[in-house]
Student: 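Please see the structure below; I have some questions.
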2 protein chains.
Amino acid sequence: MKVTIKDIANKAGISPASVSRILTNRGRFNADTAVRVRAIATAMGYLKNQSAADLAQKQSHVVGVLVPTEHTNFADEIIKGMQAKAHELNYELLVTFIESDEVRQLQTVQSLLSRQVLAIFMLAIDPSDALLEMLTRSDVQLISISNQLNTKIPSISSDNYAMMHQVVDFLYQKGHRDIALIGSSEPDPIVARLRRQGFIEALAKHNLPYHPEFIWGDKNNYETGLAAIKHFKTPLPFTAAIGSADIISVGLLNGAKDAGIVVPTDFSIISVDGTELTQLTRPPLNTVQQNFHLMGSLAITALVEQTLAPSAVLFTETKLIAGGTVEKIIAS
Amino acid sequence: MKVTIKDIANKAGISPASVSRILTNRGRFNADTAVRVRAIATAMGYLKNQSAADLAQKQSHVVGVLVPTEHTNFADEIIKGMQAKAHELNYELLVTFIESDEVRQLQTVQSLLSRQVLAIFMLAIDPSDALLEMLTRSDVQLISISNQLNTKIPSISSDNYAMMHQVVDFLYQKGHRDIALIGSSEPDPIVARLRRQGFIEALAKHNLPYHPEFIWGDKNNYETGLAAIKHFKTPLPFTAAIGSADIISVGLLNGAKDAGIVVPTDFSIISVDGTELTQLTRPPLNTVQQNFHLMGSLAITALVEQTLAPSAVLFTETKLIAGGTVEKIIAS
DNA sequence: TTGAAAGCGGTACCAC
DNA sequence: GTGGTACCGCTTTCAA
C-alpha cells in the first residue's frame with residue numbers, strides 16, 4: 001500500500017493540510033513539527049504523487065518533447081541539455097518520437113496533450129498544417145528548437161544564415177571558389193531556406209559564381225551524400241562541398257572514397273552540425289558545430305522564466321571545428 | 001478554459017457518469033446518446049485529462065525508461081520499439097537519461113517514481129546497490145533490457161553467450177585462429193561476463209588457444225577501440241578482433257587505419273550490435289546484429305500482458321550481417 | 001500556526 | 001441504461 005499525505009498526518013497527529021505545507025515548503029508552519037514530519041515522511045518511505053499535485057494545482061510540471069524519428073543524431077544532445085536543466089528545476093520530460101505518418105502524428109500529440117503537459121518542444125520539426133492547428137488550438141506553450149517557424153512560435157536555434165557565411169568564408173580563405181551545398185535544396189524547412197539564402201549571399205559577398213545546380217539534395221540522410229557524388233560524377237565540378245548535416249557529410253566522404261576521389265586532396269568537405277559522428281570518420285570532418293546542449297537548456301530556462309516572446313528567435317553560437325577534410329588550394 | 005466531462009454532461013443533459021462510460025467505452029450506455037455525446041465532445045474540443053483518470057483508477061499508463069547518458073547508440077532503437085507498441089496500447093513513455101553520478105541518479109528515479117509510473121525499464125543499466133534498493137522497494141514492475149541482472153528482475157536481451165559462439169564460429173570458418181575480444185574485460189556488467197564466457201568456450205569448442213590478454217578493454221567507447229590497437233602494437237598478435245560494441249569497432253577500424261594496418265587484408269574486425277553505425281564506415285563492418293526494436297516492443301507486450309515471471313530471461317534473435325571487414329585467410 | 005473542507009477531472013459502485 | 005456520489009492524493013482558501 002502506497003503511503004499518502006494522510007498517513008503521515010495521522011502518524012504525526014496533525015492535519016494533511018499542514019503536512020502538505022511542510023512538504024512543499026509553502027505557507028507558514030512550525031519549524032519543529034516540520035523536522036518531525038519530514039522525518040516521518042522519509043521513515044515511511046513517502047513519495048509524493050506528482051500527478052495528483054498537478055491536478056490539484058491545475059498546472060503541470062511535464063514538458064512534452066516531439067522528436068522526429070529520423071535524424072535523431074543531434075536530438076539526443078538537445079534532449080540531454082533540456083533534461084539537465086529540467087531536473088534542476090523539477091520538471092519532467094515526456095519525450096515522444098514522431099513519425100511521418102500524419103494520422104499517427106496527431107494521435108501522438110493528442111496523447112501528449114491529454115497528459116496535461118505544460119509546454120511542447122518541437123525538435124527540428126516542420127509541423128503539418130493539421131498538427132500546427134492542433135498544437136496552437138490547445139493552450140500549451142510551444143517552442144521550436146533547431147528550426148524556425150514562420151508562425152507565432154518562438155524558436156531557439158543557430159543562426160543558420162550567419163552559419164553559412166562562416167562556412168563559406170572559411171572555404172574561401174582556403175582558396176575554394178566552386179562550392180556546393182548538399183542537402184538543403186527544398187524550400188520547405190525554414191532552416192533549409194535560411195541556409196540556402198546565407199549560402200548564396202555569402203558567395204555573392206566574395207564575388208563567387210553562383211551555380212543553382214550546386215545546391216542539391218533535399219533529404220538529410222546518408223543516401224543524399226552518397227547520391228550527390230554519383231550525381232555530379234568524376235571529376236566533380238566543384239572543389240568543396242558543404243554537407244548540410246553530419247550524416248550527409250559522411251555520405252559525401254564515403255561516396256567520394258567509393259568513386260576514387262581523394263579527400264581532401266581532390267575534394268574538400270565541411271559539415272554542418274558537429275556531432276560526435278564527425279570525429280568517427282577518417283579523416284575526421286571539418287565542421288561548423290552547433291551548440292545543441294545549450295539550445296536544450298535555454299529552452300527550459302525560457303519556459304520557466306517566461307522570457308520568450310511569442311515571436312522571439314533565440315540564437316546560440318556556432319563555431320568552426322578543425323578536421324582533415326578541407327585542404328587549402330590555390331585559387332584558380 | 002479547459003472543457004471537462006462535466007461540461008459535456010451539461011451540454012448533453014446527462015450525467016458525468018454516463019459521459020465517462022461512453023467516452024471510455026465501458027459499461028452500458030445507449031448507442032444513440034453515445035454518438036450524440038461523442039459529437040459534442042469533439043465539437044467542444046474535449047481532451048481527456050489522463051492524469052486525473054489514472055488517479056481515479058489508481059493505476060498508471062506511464063512507463064518510465066532509464067537510459068544511460070553514454071552509449072545511447074542502440075538505446076534509440078529500443079525506445080522506438082517500445083514507443084511503437086506503447087502507443088498502440090495507449091501507454092506513455094517517460095524517457096529519462098541517467099548519468100553516472102549516483103546522487104543525481106537517485107533523484108532522477110525518485111521523480112520518476114513520484115510520477116506514479118506503472119513500470120520502469122532499464123536499458124543496458126547496471127544499477128548500483130542503492131539504486132536497486134530504491135527500485136525494488138517501490139512496487140513498480142521492473143524490466144531490464146539489453147542486460148541481464150542477477151537479481152529477481154526479468155530481462156529481455158540477446159543471448160550474449162550464444163552470440164559469441166556465432167561470432168567465433170564465423171571467424172573460425174574464415175580461417176581465423178587468433179582472435180581478440182575488445183571491450184568486455186570487466187566482470188561487472190553481466191553482459192560482459194556472458195560474452196567473455198561465451199567467447200572462451202567457443203574458442204575451446206574449436207580447440208583454439210585461449211590468451212587471456214586478448215580480452216582487453218573495459219569501456220564501451222570509441223577510445224577503447226583506438227587504444228586497443230595502440231596497446232597491442234603492430235604487427236597485431238591476432239588476425240581478428242571482436243568489437244563488443246559498434247563504437248568500439250569503429251575505433252578499432254580507425255586505429256588500424258592510423259597504424260597503417262589494412263582492414264581486412266591484415267586484420268579482420270567483426271562488431272557486436274549492428275546499428276546503422278556499422279554501415280557508415282569504409283569498409284562497412286561485419287557484425288552480429290541484435291534486434292533492439294523487438295526488445296523494445298516485447299518489453300511493452302510483456303508488461304501489459306504480465307507474461308514475464310520475476311526471474312524470466314527472454315532472448316531475441318541475433319544475426320550475422322555481411323560487411324567488408326572480415327577476410328578469409330589460410331589457417332596457419 | 002493549524003485544521004476543515006472544497007475542489008482538481010475522472011471513475012465506479014450502487015441504486016433507480 | 002442512467003444518475004448520484006464518494007472517492008483518488010494533494011492543494012488551498014478560510015476560519016478558528
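Convention: sequence-line order gives letters A, B, ...; per-chain numbering from 1.
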Student: Could you give the CZ-to-P distance, from B:R26 to C:dT11, as a whole number of Å?
Tutor: 6 Å

Student: Please list each protein N or O that sits under 3.5 Å from an N or O in nucleotides 2-5 of chain D, with the distance.
Tutor:
| unit_1 | atom_1 | unit_2 | atom_2 | d |
| --- | --- | --- | --- | --- |
| D:dT2 | OP2 | B:N30 | N | 2.6 |
| D:dG3 | OP2 | B:S15 | N | 3.0 |
| D:dG3 | OP2 | B:S18 | OG | 2.9 |
| D:dG3 | N7 | B:R21 | NH2 | 2.7 |
| D:dG3 | O6 | B:R21 | NH2 | 2.7 |

Student: Under the side chain to side chain donor-acceptor pair (under 3.5 Å) rule, collect the residues that match up with B:D126, sequence neighbours excluded.
Tutor: B:N147

Student: Side chains of A:S128 and A:E102 only: does a donor on one sit below 3.5 Å from an acceptor on the other?
Tutor: yes

Student: Measure the distance from NZ on A:K6 to P on C:dA5 and round it to the nearest whole Å.
Tutor: 12 Å

Student: Is the distance from OP1 or OP2 of C:dT11 to the nearest side-chain N or O of B:K48 less than 4.0 Å?
Tutor: yes

Student: Considering just the side-chain nitrogens and oxygens of A:Q57, establish if one lies under 4.0 Å of OP1 or OP2 belonging to D:dT12.
Tutor: yes

Student: I need the residues from residues 38-47 of chain B with at least one non-hydrogen atom less than 4.0 Å from DNA chain D; give them sorted by number, or say none.
Tutor: none

Student: For A:I5, answer base if it contacts any base atom (sugar-phosphate contacts may also be present), sugar-phosphate if it contacts only those atoms, and nothing otherwise; contact means non-hydrogen atoms under 4.0 Å.
Tutor: sugar-phosphate

Student: Find the distance between CD1 (B:I120) and CG (B:L303) and round it off to the nearest 0.5 Å.
Tutor: 11.5 Å

Student: Using side chain to side chain contact (heavy atoms under 4.5 Å, CB included) as the criterion, list what pairs up with A:Q50, not counting sequence neighbours.
Tutor: A:K48, A:A53, A:D54, A:H61, B:S114, B:R115

Student: Please round to 10 degrees the angle between the axis of the first five pairs and the axis of the last five pairs in the helix from C:dT1-D:dA16 to C:dC16-D:dG1.
Tutor: 40°

Student: Considering all heavy atoms of both residues, which atom of B:P68 and which atom of B:A124 are nearest to each other, and what is their separation?
Tutor: CG-O, 3.9 Å

Student: Can you tell me how far C1' of D:dC10 sits from CG of A:D7, to the nearest Å?
Tutor: 13 Å

Student: After noting the C-alpha distance and the side-chain angles of B:F292 and B:T275, does the key distance pass the side chain to side chain contact (heavy atoms under 4.5 Å, CB included) rule?
Tutor: CA-CA 9 Å; B:F292 295 114; B:T275 62; 4.2 Å; yes

Student: Between atom CG in A:D54 and atom C1' in D:dT12, what is the gap in whole Å?
Tutor: 15 Å

Student: Given A:L112, which of A:I98, A:L66, A:V63, A:V140 fulfils the side chain to side chain contact (heavy atoms under 4.5 Å, CB included) condition?
Tutor: A:L66

Student: In this structure, are over 12 heavy atoms from other groups packed under 6.0 Å from B:D129 atom CG?
Tutor: no

Student: Taking CG from A:L55 and C1' from D:dT12, how many angstroms apart are they, rounded to a whole number?
Tutor: 13 Å

Student: One thing to verify: whether B:K2 and A:D139 come together as a salt bridge, which I'm taking to mean a side-chain N less than 4.0 angstrom from a carboxylate O.
Tutor: yes

Student: Side chain to side chain contact (heavy atoms under 4.5 Å, CB included), that's the test. Do B:L131 and B:L106 meet it? Break it down for me.
Tutor: CA-CA 6 Å; B:L131 182 56; B:L106 295 180; 4.0 Å; yes

Student: Report yes if a side-chain nitrogen or oxygen of A:K58 is closer than 4.0 Å to either non-bridging phosphate oxygen (OP1 or OP2) of C:dG9; otherwise report no.
Tutor: yes

Student: Please check the phosphate of D:dT11 (OP1 and OP2 only) for any side-chain N or O of A:S20 closer than 4.0 Å.
Tutor: yes

Student: Once you round it to whole Å, what is the distance between C1' of D:dC8 and CD of B:Q50?
Tutor: 14 Å

Student: Can you list the residues that meet the ring pair (Phe, Tyr, Trp, His ring centres under 6.0 Å) rule with A:F121, with sequence neighbours excluded?
Tutor: none

Student: Rounded to the nearest angstrom, tell me the gap between atom CG in A:N49 and atom C1' in D:dG9.
Tutor: 6 Å

Student: With a non-hydrogen cut-off below 4.0 angstrom, is A:S51 in contact with a base, only sugar-phosphate, or nothing?
Tutor: nothing

Student: Would you say that more than 12 heavy atoms from the other residues, nucleotides or ligands in this model lie under 6.0 Å from the CD of B:E317, or not?
Tutor: no

Student: Rounded to whole Å, how long is the line connecting atom NZ of A:K2 with atom P of D:dC7?
Tutor: 21 Å

